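Computed from a predicted model, the values in this text were never measured in an experiment.
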Amino acid sequence: MAPKKSTTILGAKMLVSLLQTTVIYAVVFTVVPFCERLGAEKFGVVPTFISEIASEFSVGISGIWDAIEFLATLLLLWFFFFSLGLFVTAIPGKGKVASLLGFAGYIAAIFVVSFLLGIVDALFDWIKAPELVGNIAEWIYMLGIDLALFFGTAKLMDKKVSL
């Protein structure tokens with residue numbers, strides 16, 4: 001095995017995870033509504049959970065900008081949760097106490113980042129088009145957090161793991 005940079009390894013992990021997540025969601029949102037219709041025809045009872053989610057999504061998206069905004073926000077949040085999880089697992093420590101501290105740190109980091117995101121959002125409320133400018137400010141903030149977590153994890157991997 002050729003030695004690889006830790007950023008390459010992390011990027012590959014993230015890409016594979018993103019592809020897996022996309023395939024799973026594609027299957028769920030295409031196969032399950034079909035099964036719901038099939039169940040309605042066969043048994044007369046329909047659990048419409050997935051269909052309701054899909055209809056809410058389509059009603060909430062009124063234009064191409066809304067779709068781009070939704071997907072960009074979803075991607076940045078996915079990247080944040082994944083990067084934070086990798087960062088917590090890269091922190092050195094052994095045993096149950098280290099695991100509990102890592103989990104507590106994960107939850108605390110989510111609350112801190114959410115709190116600061118609210119502050120960033122509030123800073124841009126005074127601008128006339130708060131949705132557009134506020135979302136871009138939130139995206140820049142989240143992208144900064146995501147990149148800091150990504151490169152912080154890579155640095156921890158360089159120190160902790162022999163690549």
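The cluster map of Ile, Leu, Val, Met, Phe, Trp and Tyr, joined by side-chain heavy atoms under 4.5 Å apart, puts L100 and V88 in different clusters. V23 and L15 sit in two unconnected hydrophobic clusters of ILVMFWY residues. Membership requires side-chain heavy atoms under 4.5 Å apart, directly or through other members. Residues V16 and L86 do not share a hydrophobic cluster, clusters being chains of Ile/Leu/Val/Met/Phe/Trp/Tyr side chains in contact below 4.5 Å. Under the 4.5 Å side-chain heavy-atom criterion for grouping Ile, Leu, Val, Met, Phe, Trp and Tyr, F115 is connected to I107 within one hydrophobic cluster. In the hydrophobic cluster analysis, where Ile, Leu, Val, Met, Phe, Trp and Tyr join through side-chain heavy atoms closer than 4.5 angstrom, V27 is grouped apart from L19.
Residue pairs meeting the side chain to side chain donor-acceptor pair (under 3.5 Å) criterion with at least one member in residues 9-19: none, sequence neighbours excluded.
Among all heavy-atom pairs drawn from A154 and S6, the shortest one is O-OG, 3.1 Å. Looking at every heavy atom in both residues, F150 comes nearest to T7 through CZ-O, 3.5 Å.
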Listed pairs under 3.5 Å, donor-acceptor, residues 74-85 side chains, sequence neighbours left out:
from : atom 1 : to  : atom 2 : distance (Å)
S83  : OG     : F79 : O      : 2.8

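Judged by distance alone, the side chain of Y141 and the main-chain N or O of V113 form a donor-acceptor pair under 3.5 Å.
Taking CE of M14 as the start and CG of D146 as the end, the distance is 7.0 Å to the nearest 0.5 Å.
Using a 4.5 Å heavy-atom cutoff, the side chains of L156 and T153 are not in contact.
Contacts of T73 classified as side-chain hydrogen bond (donor to acceptor under 3.5 Å, both in side chains), with partners at least two apart in sequence or in another chain: W139.
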